[in-house]
Amino acid sequence: MDMKDFNKSLACVLIFMCASGLCFGKSKKKDSKAKSDAPLWLTDAGRYSVFPDSSFVSSFANGSSADEAKEKALAEISHGIKTSVLAETKRRYSMAQEGYSASERLSIDEKQKIQSKNDLYMAEWTTPYYDSAMGMYACVAYINRRKAFEYVRPTLDKAKELFPDAYQKALLQDDDFKKIVCIKRSQDLLKDFYSVYDFARFIQPSAAEDYHDIDLLCGKSFAKLSELKSKVVVSVLVKKDANVEAKECLKKVLNDAGFSVSDFDSSYVALLETSFEIAKKEKVYLSYPAISVEVRRVADGQIVGSYSNKLEKCAGFDLNGAKQKAEFEIKRDLEENFISKL
């Protein structure tokens, strides 16, 4: 190879090296830029600095798309909160049982029946970030503890304002049957309370302590129901035409409300009367169902509660169909309205 050819080869090598250097330099610069654009919450340490546990509940998740990453992060935070709430609720009730009497222990499971499913309140999420190194999107779902508690506080305050007074008025009733009815009504005021209470305790334990007395009073109300249930035994009698289905429905409604129901040795009698006048109009049969219940104390015949209602007309293409629809509406009315409007 003469000097001229050597110089040409050397020039080609130098050009290639320069070009390669420029390319590598651009790649490094691009990678450096990508890293600088990465959100701080992409690492565990960074996430806890952006969303400290003292102020936030947060959860990290990856997904093949931005929507999937967001949905997974929300699902993770939901599962974490609900698992913790359930464990703490069971632990608290278990500890509470140790100081309760036998009748009060029975109230623990009953108390849980009025609790609704805890939902996620004030959940937010970061803008999903595409992590080129992993080839996936990343996202953090989070809840600001202070904001979430303030969101549910009005529900807690409403129960704190209404329930104690309603429960005390129930205890002042001059008849045990009336006491049970009024206690059940007072407990209905807590359904919304228990839809958020354990969530509030998880989010802001110290602030939720202001509502601990309501939780304790609710437990006492169930213990009181257990005590009264042994004293109040109700039998159901049907006036006029025997409507067996309505009778059985009323017995179930009374039992679910906390009454002992028996056909023998009762201290109260519920007298049930139903009717459904049926008229034919052209090719349709119309029925007009009505219901009436009187609850009397056996000892002196005193009426301690009554309920009546004329329901909307029902229609059927034959006599039996109209009758069945009327019976169905009567049972539904007993289930939905009897205790609340007694």
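We number each residue from 1, following the sequence as shown. No hydrogens, no waters, no symmetry mates; every other heavy atom, side chains included, goes into these values.
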Whether the side chain of T126 engages the backbone of V140 through a donor-acceptor N/O pair (distance < 3.5 Å, no angle test) should be reported. yes
Under a 3.5 Å cutoff, is there a donor and acceptor pairing between the side chains of D215 and Y194? yes
Starting at CD1 of I180, measure out to SG of C182 and round the result to the nearest 0.5 Å. 10.5 Å
Can I183 and L228 be said to form a side-chain contact (heavy atoms from CB on, under 4.5 Å), step by step? CA-CA 11 Å; I183 289 174; L228 291 170; 4.0 Å; yes
For E150, is there an ion pair with R153 - N to carboxylate O distance below 4.0 angstrom? yes
K247, NZ atom: more than 12 neighbouring heavy atoms under 6.0 Å: yes
Determine whether more than 12 heavy atoms belonging to other residues, nucleotides or ligands lie under 6.0 Å from atom CG of D265. no
R201 side-chain N/O to H212 backbone N/O, donor-acceptor pair under 3.5 Å: no
Within the side chain of S186, is there an N or O that forms a donor-acceptor pair under 3.5 Å with the backbone of F163? no
For the hydrophobic clusters of this structure (ILVMFWY residues joined by side-chain heavy atoms under 4.5 Å, transitively), does one cluster hold both V50 and F60? yes
Does E335 pair with K331 as a salt bridge, N-O distance under 4.0 Å? no
Is R296 reaching over with its side chain to a backbone N or O of V269, donor-acceptor style, under 3.5 angstrom? no
Checking K184 against D188 for the salt bridge (Lys or Arg N to Asp or Glu O under 4.0 Å) test, could you report, in this order, the C-alpha distance in whole Å, the side-chain angles of both residues, the deciding distance, and whether it holds? CA-CA 6 Å; K184 291 295 293 185; D188 286 342; over 6 Å; no
Would you find a donor on one side and an acceptor on the other, under 3.5 Å apart, between the side chain of T83 and the backbone of H79? yes
Do V298 and F177 sit in the same hydrophobic cluster, where Ile, Leu, Val, Met, Phe, Trp and Tyr count as joined when their side-chain heavy atoms come under 4.5 Å apart? no
To the nearest 0.5 Å, atom CG of D175 lies from atom CZ of R297 at 5.0 Å
Looking only at non-hydrogen atoms, find the nearest pair between V234 and L254 and report the distance. CG1-CD1, 3.9 Å
I'd like to know if the side chain of Y307 pairs up with that of D333 as donor and acceptor (distance under 3.5 Å, no hydrogens or angles considered). yes
Would you say that more than 12 heavy atoms from the other residues, nucleotides or ligands in this model lie under 6.0 Å from the NZ of K160, or not? yes
Given the rule that I, L, V, M, F, W and Y join up when any side-chain heavy atoms are under 4.5 Å apart, are L334 and V304 in one cluster? yes
Under a 4.0 Å threshold between the charged nitrogen and the carboxylate oxygen, would K169 count as salt-bridged to D165? yes
Go through the steps to decide whether N144 and F51 satisfy the test side-chain contact (heavy atoms from CB on, under 4.5 Å), and finish with yes or no. CA-CA 9 Å; N144 183 301; F51 305 105; over 6 Å; no
Rounded distance (nearest 0.5 Å) linking atom OH of Y130 with atom CG of D37: 15.0 Å
Judged by atom type as modelled, is there a donor-acceptor pair below 3.5 Å linking the side chain of N309 to the main-chain atoms of L311? no
Test item: S235 side-chain N/O and F264 main-chain N/O as donor-acceptor pair under 3.5 Å: no
To the nearest 0.5 Å, what is the distance between CZ on R146 and OG on S54? 12.5 Å
S78 (side chain) donor-acceptor with A75 (main chain) under 3.5 angstrom: no
Does the ring center of F199 lie less than 6.0 Å from the ring center of Y121? yes
Please determine whether residues Y211 and Y151 belong to a single hydrophobic cluster, defined as Ile, Leu, Val, Met, Phe, Trp and Tyr linked transitively by side-chain heavy-atom distances below 4.5 Å. yes
Is the backbone N or O of A315 less than 3.5 Å from a side-chain atom of K325, with the two atoms forming a donor-acceptor pair by type? yes
For the hydrophobic clusters of this structure (ILVMFWY residues joined by side-chain heavy atoms under 4.5 Å, transitively), does one cluster hold both M136 and W41? no
Do you know the tightest heavy-atom contact between Y197 and A208? CE1-O, 4.1 Å
Charged N to carboxylate O under 4.0 angstrom, E161 versus K158? no
